[in-house]
Amino acid sequence: MNNFVQSTEDPVLKISNLVTSFFTRKGILNAVDDVSLEIPPQKTVGIVGESGCGKSMTAMSIMGLVEKPGRIVSGNIRFQNKDLTTLSKRQLQKITGDKITMIFQEPMTALNPVITVGKQVREAILLHQNISKEEAKKRVLEIFSQVGISDAANRYNSYPHQLSGGLRQRIMIGMAMVCRPDLLIADEPTTALDVTIEAQILQLMKNLQKETKMSIMLITHNLGVVAEICDIVYVMYAGKVMERSNVYDLFQNTLHPYTDGLIRSVPRLNIGPGQILYNIRGMVPNLLHLPKGCRFCTRCDKAFDRCFQEEPELKEVRNDHWVRCFLYGEDHHGK
């Protein structure tokens, strides 16, 4: 078990040894495999990695949205002294959508196309708070203005398809923020938005965090976004945490070859003529047919014999900097 020491205060959320599996005809697939992480109060924690590494499934496990044939097999998810994995569906729903809210990856699929956006956000309030419809509508108009939606009264009566991608994303943020959650989970909140709108959305999230003192769990593959707003970063690969550090140390003193590959893959403005953009060779492995040893060994330029035989443990090798790699340990001191 990995007991990360991140804050003198109790974490808002603490996941310990979480395993979320899918039971298929071809075998058991561990989408989240023995993951432990903590989200401290008023901090932004980034979960990064390639598609299919378990980022979104970790969030879905927290929200109780893992669909069959998947289920949480072991581990626990503690939020404000409650283990969410032991709660009934009704008990969990009282927490999710109120104390824990989520911005989903694609607002067009998360929003109901036949109900106006104002009514959808209003229902989120009425579901969790005992107030009148009139008071709820007033609260919706306030949050619309707060998230930068101009002409809020008219937007209230708009349907999702009548709004731009940036406005739909602001609606989703407004819906997630309207009950003033203690934890906001944002799954790729700026995907498919242009860089100008992306910057506005990120600044909005930072402003709301400062105002409401919430914690944020940000799921992304965009390391530029991570550098912009995260305090702590977990790097995931094939269902496991490969590296964990504060954001500055992760970029300045990168340890895991996978993390290094992700950072080197970011396009740069100063690339010279004829230079090829770096990319990590190979593909993310099929979770039903993982390589023996380290999950990254078949793609790693620094792999040696032991990497192909044993799976490394996640260890603290610097002050609060954890890595799952044999390059750092008894045999290889920081090579």
Side-chain angles (χ1 to χ4, degrees), residues 12-13 39 42 56 59-67 77 79-187 189 201 204-205 207-217 219:
V12 172
L13 184 88
I39 301 178
Q42 300 179 46
S56 294
M60 291 299 191
S61 300
I62 296 168
M63 297 296 290
L65 296 175
V66 179
E67 296 183 353
I77 304 168
F79 175 76
Q80 297 178 344
N81 295 320
K82 293 187 179 73
D83 183 354
L84 302 185
T85 64
T86 65
L87 301 182
S88 68
K89 194 170 184 178
R90 179 169 289 185
Q91 288 173 323
L92 187 59
Q93 283 175 344
K94 287 182 179 179
I95 296 173
T96 58
D98 183 19
K99 298 294 185 182
I100 306 174
T101 58
M102 185 167 175
I103 304 169
F104 292 92
Q105 192 168 141
E106 177 44 64
M108 200 59 191
T109 56
L111 292 168
N112 190 322
V114 296
I115 300 176
T116 61
V117 292
K119 284 187 177 179
Q120 291 187 59
V121 181
R122 187 189 70 180
E123 289 306 307
I125 302 172
L126 294 174
L127 187 64
H128 295 285
Q129 299 184 13
N130 186 25
I131 60 175
S132 67
K133 288 184 177 181
E134 291 74 21
E135 181 62 29
K137 180 176 179 179
K138 183 180 176 183
R139 191 89 62 86
V140 173
L141 294 176
E142 286 173 358
I143 197 73
F144 277 9
S145 297
Q146 197 176 358
V147 299
I149 297 173
S150 59
D151 198 11
N154 280 332
R155 299 298 189 191
Y156 184 94
N157 294 313
S158 298
Y159 290 92
H161 71 273
Q162 296 174 317
L163 304 176
S164 67
L167 276 175
R168 285 197 295 268
Q169 197 62 284
R170 288 172 190 268
I171 295 291
M172 288 297 298
I173 292 174
M175 188 181 293
M177 291 299 305
V178 77
C179 292
R180 291 184 168 257
D182 295 316
L183 173 62
L184 173 67
I185 301 174
D187 189 358
I201 294 294
L204 170 63
M205 289 173 62
N207 293 344
L208 291 172
Q209 180 180 41
K210 189 175 180 180
E211 183 182 326
T212 65
K213 304 188 186 311
M214 67 177 174
S215 299
I216 297 174
M217 176 178 169
I219 298 166

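These values consider heavy atoms only, across backbone and side chains, with no hydrogens, waters or symmetry-generated copies.
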Is it true that a side-chain atom of Glu135 and a backbone atom of Ser132 form a donor plus acceptor pair closer than 3.5 Å? no
From Lys137 atom NZ to Phe144 atom CZ, the distance as rounded to the nearest 0.5 Å: 10.5 Å
Compute whether any side-chain donor of one residue and acceptor of the other, for Asp187 and Ser56, lie under 3.5 angstrom apart. yes
Against Leu184, only a single residue in Ile173, Ile103, Leu208 fulfils side chain to side chain contact (heavy atoms under 4.5 Å, CB included); can you say which? Ile103
Contact check, side chains of Leu163 and Ser158, non-hydrogen atoms, under 4.5 Å: yes
For the CG atom of Leu87 and the CD1 atom of Ile95, what is their distance to the nearest 0.5 Å? 5.0 Å
Give me the atom names and distance for the closest heavy-atom approach of Ile143 to Gly174. CG1-O, 3.7 Å
Would you indicate whether the side-chain heavy atoms of Asp182 and Thr212 approach each other to under 4.5 Å? no
Any sub-3.5 Å donor-acceptor pair from Gln42's side-chain atoms to Lys210's backbone N or O? no
Test log, rule side chain to side chain contact (heavy atoms under 4.5 Å, CB included), inputs Leu92 and Lys89: CA-CA 5 Å; Leu92 187 59; Lys89 194 170 184 178; 5.8 Å; no
Separation between CD1 (Ile201) and CZ (Arg170), nearest 0.5 Å, reads 4.5 Å
Checking the side chain of Thr116 only, and the main-chain atoms of Asn157 only, is there a donor and an acceptor separated by less than 3.5 Å? no
Does any pair with a residue in residues 141-151 pass side-chain hydrogen bond (donor to acceptor under 3.5 Å, both in side chains), and if so which ones, sequence neighbours excluded? Gln146-Glu211, Asp151-Asn154
Could you tell me whether the side chain of Arg155 reaches within less than 4.5 Å of the side chain of Ile171, counting heavy atoms only? no
Rounded to the nearest 0.5 Å, what separation is found between the NE2 atom of His128 and the OG1 atom of Thr101? 9.0 Å
Are side-chain heavy atoms of Met214 and Arg180 found at a separation under 4.5 Å? no
On a heavy-atom basis, the closest approach of Pro160 and Leu111 is CG-CB, 3.9 Å
Give me the atom names and distance for the closest heavy-atom approach of Ile219 to Ala59. CD1-CB, 3.4 Å
Value rounded to 0.5 Å, distance of OG in Ser215 from CD1 in Ile185: 11.0 Å
Measure the spacing between CE of Met172 and CE of Met177 and express it to the nearest 0.5 Å. 13.5 Å
If only side-chain N and O atoms count, and only distance matters, is there a donor-acceptor pair under 3.5 Å linking Arg139 with Gln129? yes
Does Leu141 form a side chain to side chain contact (heavy atoms under 4.5 Å, CB included) with Tyr156? I'd like the steps, not just the answer. CA-CA 7 Å; Leu141 294 176; Tyr156 184 94; 4.0 Å; yes
Cation-aromatic face contact Lys99/Phe79, 6.0 Å, 45 degrees: no
Taking C-beta and beyond as the side chain, do Gln93 and Ser88 meet within less than 4.5 Å on heavy atoms? no
Taking Tyr159's backbone N and O only, do any of them form a donor-acceptor pair with Gln162's side chain (distance below 3.5 Å, no angle check)? yes
Smallest separation among heavy atoms of Cys179 and Ala124, with atom names: SG-O, 3.8 Å
